[in-house]
Amino acid sequence: MAQLHPYLVIVLKSVSIYVFVILGIRLFGKKEVSQLSLVDLVFILLISNSVQNAMVGDNTTVQGGMAAALGLFICNYVFRFFILRSKKFSNAVQGEKIVLVVDGNVLQDGLKRAKMSEDELCMAIREHGVENIEEANLVVLEVDGNISVLSSDFSKKSVIRRKKPQLTHNP
């Protein structure tokens, strides 16, 4: 059997590591960076460092690094492609939204599925301007890791906006 080109081997190793890390993170609970604690962040950084050598081996050339990056870009593109086109694939990779509170009542099953404590839930609700759980009509952990809070008192409605990029430089 013919031996594969060394850069193709790096691409294949990178793709397999990508899939492994996605599955590991998905199986062990966290869905998005917004849910990561300091311990989780350190874990992710250590994972990335530990799998680097598995992807490129002894090849520390620029071309080897580019081959690894190419493999990761391709894998990411393929994942995004299937996530957008297949609801089953999307649910398997990203999970589904989880309802945490309905009409002021905490759904314990939802908290367990989200791997959240009631204290974390209360903190998220307060971040949205709602004082306590009983005032929340609906609280949902979204697929993107954000928590949506709806209450009947629209004065407590919160809108979290992302900063728009600054297009001009004003010194």
> Same cluster for L107 and L150 if Ile/Leu/Val/Met/Phe/Trp/Tyr side chains link at under 4.5 Å?
yes
> Count the heavy atoms belonging to other residues, nucleotides or ligands that lie under 6.0 Å from CZ of F89, then report whether that count exceeds 12.
yes
> Please walk me through it: do E118 and I133 pass side-chain contact (heavy atoms from CB on, under 4.5 Å)?
CA-CA 10 Å; E118 203 159 321; I133 291 173; 4.0 Å; yes
> In this structure, would I17 and V93 fall into the same cluster of hydrophobic residues linked by side-chain contacts under 4.5 Å?
yes
> Are there over 12 heavy-atom neighbours, none belonging to N53, within less than 6.0 Å of that residue's CG?
yes
> Kindly indicate whether the side chain of I74, heavy atoms from C-beta on, has any atom under 4.5 Å from the side chain of V15.
no
> Nearest 0.5 Å please: distance from the CG atom of L70 over to the CG atom of L8.
10.0 Å
> Taking the side chain as every heavy atom from C-beta outward, state whether V9 and H5 have any pair of such atoms under 4.5 Å apart.
no
> Can you tell me how far apart CD (E135) and NE2 (H128) are? Round to the nearest 0.5 Å.
14.5 Å
> Hey, any chance V102 and I125 share a hydrophobic cluster, counting ILVMFWY side chains that come within less than 4.5 Å of each other, even indirectly?
no
> Answer yes if I22 and I47 sit in the same cluster of Ile, Leu, Val, Met, Phe, Trp and Tyr residues linked by side chain heavy atoms under 4.5 Å apart, and no otherwise.
yes
> Restricting to non-hydrogen atoms, name the atom on M55 and the atom on K13 that form the minimum distance, rounded to 0.1 Å.
O-CD, 3.5 Å
> Is there a side chain to side chain donor-acceptor pair (under 3.5 Å) between E142 and S148? Walk through the geometry before answering.
CA-CA 7 Å; E142 304 290 354; S148 299; 2.8 Å; yes
> If only atom types and distance count, is the side chain of S14 paired as donor or acceptor with the main-chain N or O of I10 below 3.5 Å?
yes
> Would you sort out whether L138 and V101 count as a side-chain contact (heavy atoms from CB on, under 4.5 Å), showing the intermediate values?
CA-CA 5 Å; L138 181 66; V101 176; over 6 Å; no
> How about N59 and T61: does a side-chain donor come under 3.5 Å of a side-chain acceptor?
yes
> Is there a side-chain contact between C122 and N132, using heavy atoms and a 4.5 Å cut-off?
no
> About how many Å separate CZ of F79 and CD of Q94, when rounded to the nearest 0.5 Å?
10.5 Å
> With heavy-atom distances below 4.5 Å as the criterion, would you say the side chains of T60 and V56 are in contact?
no
> Below 4.5 Å, heavy atoms only, C-beta onward: do V19 and C75 meet side chain to side chain?
yes
> Taking all non-hydrogen atoms of both residues into account, name the closest pair between A67 and V11 and its distance.
O-CG2, 3.2 Å
> Set out, in order, the CA-CA distance, both residues' side-chain angles and the distance that settles side-chain contact (heavy atoms from CB on, under 4.5 Å) for L141 and K97, then state yes or no.
CA-CA 6 Å; L141 174 61; K97 68 181 179 186; over 6 Å; no
> Mind checking whether V140 and L100 have side chains closer than 4.5 Å, heavy atoms only?
no
> Taking the side chain as every heavy atom from C-beta outward, state whether V51 and Y18 have any atom pair closer than 4.5 Å.
no
> Can you tell me how far apart CD1 (I98) and CZ (R113) are? Round to the nearest 0.5 Å.
4.5 Å
> Going from CG on L121 to CG on L111, what distance comes out if it is rounded to the nearest 0.5 angstrom?
5.5 Å
> Is the shortest heavy-atom distance from the side chain of N76 to the side chain of F73 under 4.5 Å?
no
> Taking atom CD of E120 and atom CD1 of I147, what is their separation to the nearest 0.5 Å?
8.5 Å
> For V149 versus A124, what's the shortest heavy-atom pair and its separation?
CG2-O, 4.4 Å
